[in-house]
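Notes follow once the structure below has been shown.
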Amino acid sequence: MASPEEAQDLVYLVTGGCGFLGEHVVRMLLQQEPRLYELRVFDLHLSPWLEELKTGPVQVTAIQGDVTQAHEVAAAVAGAHVVIHTAGLVDVFGRASPETIHEVNVQGTQNVIEACVQNGTQFLVYTSSMEVVGPNTKGHHFYRGNEDTPYEAVHKHPYPRSKALAEKLVLEANGRKVCGGLPLVTCALRPTGIYGEGHQIMRDFYHQGLRLGGRLFRAIPASVEHGRVYVGNVAWMHVLVARELQQRAALIGGQVYFCYDQSPYRSYEDFNMEFLGPCGVRLVGTHPLLPYWMLLILALFNALLQWLLRPLLLYAPLLNPYTLAIANTTFTVSTNKAQRHFGYEPLFSWEESRTRTIRWIQAMESASVAQLSRS
Ligand SMILES: NC(=O)c1ccc[n+]([C@@H]2O[C@H](COP(=O)([O-])OP(=O)(O)OC[C@H]3O[C@@H](n4cnc5c(N)ncnc54)[C@H](O)[C@@H]3O)[C@@H](O)[C@H]2O)c1
Ligand SMILES: C[C@@H](CO)CCC[C@@H](C)[C@H]1CC[C@H]2[C@@H]3[C@H](O)C=C4C[C@@H](O)CC[C@]4(C)[C@H]3CC[C@]12C
């Protein structure tokens, strides 16, 4: 039974609630937000696991919709107290056009803001990205920086450009009057590279490793640090900041926070090996097996091939000039701003985050073995 100060009276809306991060935010809200009365999950594609959540004490409402359609967003927001906007088109591989990325990430976010204003919804948390800052394509390193570290943010790629524009819209909307006259309170969370259960790129690396006989070949120097954060902690940060935004609007409104936890600083590949290693994949080489210039030629070749093949098929490999640049540029954060402003402490230790991620990969493996033996 909820105590009087914890009456179950709040309606939350999570956009992109069926995505990798969105699913963790949805589950975290159900576990950690005692004042939740209704949870609306809005996504272009609804996942079957939502059905099992509908049997719990909180009313879970699945809404199939598109953030680019203002009327669909407005209908979903009507009556909500808090919106957590995670929906986005995450594409650094050239799968979607720059126009589509802009439409979903920027126009979609504008639609969410306008829907909050029209409907009198006062609290908006936006999932931004480290890429709003960098790494930039000039290869400048961002070494254990924080929210105030000066850095030349240069956005040439459609994805980081769209995230930066959307973040700006969200922060500028802080303080706007919503219907009823109260101020809109917004903030943005900037995860570094998220990992954990459901991470598609980790899945891809694992399967690639299996195809190559349990090996992956080092392509990035071990000295390049890449920031990573566990999905459960990113979700927890969203839940906590959404709650505290309602109590400490003056402090948190209009602010940005990097998402961080105790995950160690490593290169992108070495970090992945923390999970893939125990699952039978090893990283070959202590130094990159190919020199950088050769990888760059391969990346440029991939980009050319993508362009040539576009009328016929979608060719979108992991390696392109942009992903090569990100993977080869140090970008790590070291901050306690979220702890100072809203009392954030990671919910999952590094050991737990690692164990959970390994168990997920192992479960994936058992499921595919079981499927093979059935067929
Ligand atoms: N994955 C990362 O490492 C990472 C890091 C930093 C920030 N982010 C941000 O976190 C958010 C979630 O990313 P993710 O990794 O979970 O991606 P994801 O692709 O798994 O999830 C995004 C979700 O948004 C939904 N969506 C896409 N277009 C939509 C539309 N037009 N209308 C409604 N829903 C739509 C998708 O169906 C999907 O369920 C994104 O905003 C992304 O920019 C991700
Ligand atoms: C050169 C390859 C040899 O193994 C390795 C390529 C790795 C890349 C595919 C990934 C390296 C860094 C990743 C990005 C980073 O973690 C942060 C991101 C921010 C987020 O908002 C979206 C995802 C991403 C762009 C992420 C995508 C994959 C990498 C480029």
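In listed order, ligands and their atoms are each counted from 1. Not measured: the values here are computed from a predicted model.
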* Any pair with a residue in residues 174-186 that passes salt bridge (charged side-chain N to carboxylate O under 4.0 Å, His left out), sequence neighbours left out, goes on the list, sorted by first then second residue, please. =>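 Passing the test, one end in residues 174-186: E114-R176.
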Which one holds for [X] and ligand 1: side chain close, backbone close, both close, or neither close, with close meaning a heavy atom under 4.0 Å?
| X | answer |
| --- | --- |
| H199 | neither |
| V67 | both |
| V104 | side chain |
| L89 | neither |
| Y159 | side chain |

* **Min heavy-atom dist F205 to ligand 2 below 4.0 Å** =>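 Heavy atoms of F205 do come under 4.0 Å of ligand 2.
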Using only heavy-atom distances, determine whether the side chains of [X] and [Y] contain a donor-acceptor pair under 3.5 Å.
| X | Y | value |
| --- | --- | --- |
| Y126 | K163 | yes |
| H102 | S162 | no |
| S47 | E23 | no |

* **ligand 1 N/O within reach of G19 N/O, cut-off under 3.5 Å** =>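 Checking ligand 1 against G19, an N or O pair does fall under 3.5 Å apart.
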* **side chain to side chain contact (heavy atoms under 4.5 Å, CB included) against L290, all qualifying residues, sequence neighbours excluded** =>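 Applying side chain to side chain contact (heavy atoms under 4.5 Å, CB included) to L290 gives M294, L295, L298.
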* Nearest protein heavy atom under 4.0 Å from atom 26 (C) of ligand 2, yes or no ->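 When distances to the protein are checked, atom 26 (C) of ligand 2 has no heavy atom within 4.0 Å.
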* Kindly confirm or rule out an N or O of S129 lying under 3.5 angstrom from an N or O of ligand 2. =>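 Yes - when backbone and side-chain N and O of S129 are compared with those of ligand 2, one distance drops under 3.5 Å.
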